[in-house]
There are 2 protein chains.
Amino acid sequence: MFIENYYQLVYKDIMTSKEKLRKAGLRPTKQRMIIANILLDGINRHFTAENLQDEINSSGNSMSIATVYNCLKKFRNCGLIKQIETSKDTAVFDTNTHQHHHFLNEETGELIDIEDDEINLKSLPKIPQGYFNNGVEVLIKLKKQD
Amino acid sequence: MFIENYYQLVYKDIMTSKEKLRKAGLRPTKQRMIIANILLDGINRHFTAENLQDEINSSGNSMSIATVYNCLKKFRNCGLIKQIETSKDTAVFDTNTHQHHHFLNEETGELIDIEDDEINLKSLPKIPQGYFNNGVEVLIKLKKQD
DNA sequence: CAAGTAGTTTAGAATGATTTTAAAGTGAAA
DNA sequence: TTTCACTTTAAAATCATTCTAAACTACTTG
Ligand SMILES: [Mn+2]
Ligand SMILES: [Mn+2]
Ligand SMILES: [Zn+2]
Ligand SMILES: [Zn+2]
């Protein structure tokens with residue numbers, strides 16, 4: 001288990017953005033590579049389309065906001081990133097694609113990761129007939145004391 | 001416990017919409033009474049602002065969409081209803097104000113209640129310093145089989 | 001009961017996130 | 001190379017929600 005994860009990490013680190021996109025079934029365009037370089041560096045982050053466009057700009061590149069949205073949708077549908085269930089008016093994405101959970105500071109919108117094994121989710125209810133469990137998300141809403 | 005709930009139910013059923021609004025600290029306007037009559041009947045439902053406006057219309061009344069939003073915000077802030085954390089582009093509200101959870105059919109957006117005791121949430125992670133747990137929401141995403 | 005006032009409603013305008021349009025550009029297969 | 005489906009883009013459109021500012025109304029006080 002330890003060794004598997006080790007090789008997986010190394011393998012993932014060694015893959016170029018182009019290879020990661022190809023492996024995900026996406027044509028590696030210039031724009032997708034720019035985004036892959038920013039997002040697929042192994043660091044977990046939560047971000048919006050606008051956050052990402054800002055990062056693209058500060059990396060010396062630029063991209064239409066429509067393209068940012070197009071790419072985020074493609075990346076999400078391929079499982080390269082995921083979208084977090086939050087009732088904020090702006091979509092929030094996450095580079096941590098494993099099943100995990102969040103603290104949500106409802107005042108600021110800030111999200112903090114909770115790893116899957118930090119929550120006991122053994123007794124789940126029976127899944128409705130004809131459906132299957134496609135992911136569980138636990139959200140713990142935080143409020144400031146006093 | 002049984003008897004307490006029994007009296008609570010009866011009491012709640014006997015209260016008029018006007019009394020419920022007063023008790024919640026809201027001035028009972030004509031518009032809020034129309035909404036209270038629809039929402040506070042003890043039946044659990046999930047709905048959007050537009051859903052509610054449709055119900056208002058079919059009850060023979062009518063109301064500006066701005067007022068629907070104003071009232072929903074007031075009702076939510078008073079704890080008469082709550083808003084569900086969902087990444088849909090339209091806000092979803094819930095008349096079930098107890099802590100509970102949901103199945104989400106991501107294709108249709110349909111939500112199904114999961115009562116709090118149907119999920120084992122004993123081992124929660126430590127809440128960050130200076131904050132307190134202001135509610136836990138578990139979302140189980142459903143996908144259709146085949 | 002008035003009259004006064006803070007809180008509420010409303011139509012319509014504004015805002016902000018996201019999607020669509022349609023035309024120009026590009027990656028990859030042959 | 002040629003070809004074509006896929007992609008990018010600026011600009012317009014869409015859609016949910018909020019704002020504005022003027023008219024209204026529920027309660028308080030006299
Ligand atoms: Mn929204
Ligand atoms: Mn949302
Ligand atoms: Zn996360
Ligand atoms: Zn519910």
Side-chain angles (χ1 to χ4, degrees), chain A residues 16-38 46-57 59 61-78 80-93 106 109, chain B residues 16-38 46-57 59 61-78 80-93 106 109:
Chain A
T16 62
S17 288
K18 186 178 281 193
E19 288 167 331
K20 289 174 192 167
L21 289 166
R22 281 241 162 75
K23 194 178 166 203
L26 293 181
R27 185 192 288 198
T29 65
K30 185 182 152 216
Q31 288 78 3
R32 289 175 185 164
M33 306 247 293
I34 291 167
I35 291 181
N37 281 331
I38 292 172
H46 305 126
F47 61 97
T48 66
E50 208 196 339
N51 293 158
L52 177 57
Q53 199 185 31
D54 290 347
E55 277 207 71
I56 291 165
N57 290 335
S59 78
N61 295 288
S62 78
M63 202 174 298
S64 147
I65 191 64
T67 302
V68 175
Y69 277 106
N70 287 342
C71 290
L72 285 174
K73 198 174 283 184
K74 286 283 190 183
F75 277 45
R76 191 238 288 139
N77 292 343
C78 286
L80 289 175
I81 62 177
K82 64 181 201 175
Q83 190 173 350
I84 296 175
E85 300 289 342
T86 257
S87 63
K88 291 208 323 162
D89 50 10
T90 305
V92 180
F93 297 89
E106 281 186 291
Chain B
T16 61
S17 288
K18 187 178 280 193
E19 288 168 333
K20 288 174 193 167
L21 288 167
R22 281 242 163 74
K23 194 179 168 202
L26 293 182
R27 185 190 288 200
T29 65
K30 186 181 150 216
Q31 288 77 4
R32 288 175 185 165
M33 306 248 291
I34 291 168
I35 291 180
N37 281 330
I38 291 172
H46 305 126
F47 61 96
T48 65
E50 208 196 340
N51 294 158
L52 177 57
Q53 198 185 32
D54 289 347
E55 277 207 72
I56 291 165
N57 290 334
S59 77
N61 296 288
S62 78
M63 201 175 299
S64 146
I65 191 65
T67 303
V68 174
Y69 277 105
N70 288 343
C71 291
L72 285 174
K73 198 174 283 184
K74 286 284 191 181
F75 277 45
R76 190 238 287 139
N77 292 342
C78 287
L80 290 175
I81 61 177
K82 63 181 203 175
Q83 190 173 352
I84 297 174
E85 299 291 341
T86 256
S87 63
K88 291 210 323 162
D89 49 9
T90 306
V92 180
F93 297 88
E106 280 184 293

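Chain letters run A, B, ... following the sequence lines, proteins first, then strands; residues in each count from 1.
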Rounding to a whole Å, what distance do you find between [X]:[atom1] and [N]:[atom2]?
X       : N      : atom1 : atom2 : answer
A/Met63 : C/dT26 : CE    : P     : 14 Å
B/Leu21 : C/dG7  : CG    : P     : 17 Å
B/Arg76 : D/dT17 : CZ    : P     : 11 Å
B/Asp54 : D/dA16 : CG    : P     : 12 Å
B/Leu52 : D/dA16 : CG    : P     : 15 Å
A/Ile35 : D/dT8  : CD1   : C1'   : 11 Å
B/Ile34 : C/dT9  : CD1   : C1'   : 12 Å

Backbone N or O of [Y] within a donor-acceptor pair of the [X] side chain at under 3.5 Å?
X       : Y       : result
B/Arg32 : B/Arg27 : yes
A/Thr86 : A/Lys88 : no
B/Glu85 : A/Glu85 : no

Legend entry - Given D/dT9, C/dT8, D/dT8, the nucleotide with the shortest approach to the side chain of A/Cys71: D/dT8
Inset, instruction - For a side-chain contact (heavy atoms from CB on, under 4.5 Å) with B/Gln53, tell me which candidate from B/Ile35, B/Asn61, B/Ile65, B/Thr48 qualifies. - result: B/Ile65
Legend entry - For B/Ile81 against B/Phe93, the heavy-atom pair lying closest together: CD1-CD2, 3.8 Å
Inset, instruction - Determine, for nucleotides 24-30 of chain D in 5'-to-3' order, which nucleotides have protein heavy atoms under 4.0 Å from the base (write B), from only the sugar-phosphate (write S), or from neither (write -). - result: -BBS---
Inset, instruction - Between protein and nucleotides 12-22 of chain C, map the contacts as a letter string: B base, S sugar-phosphate only, - none, heavy atoms under 4.0 Å, written 5' to 3'. - result: -----SSBB--
Legend entry - Whether over 12 other heavy atoms sit under 6.0 Å from B/Glu50 CD: no
Legend entry - Under the salt bridge (charged side-chain N to carboxylate O under 4.0 Å, His left out) test, residues paired with B/Glu55 that sit two or more places apart: B/Arg45
Legend entry - Any B/Thr16 side-chain heavy atom under 4.5 Å of B/Leu21 side chain: no
Inset, instruction - May I ask you to check whether B/Asn37 and B/Ser17 show a side-chain donor-acceptor distance below 3.5 Å? - result: yes
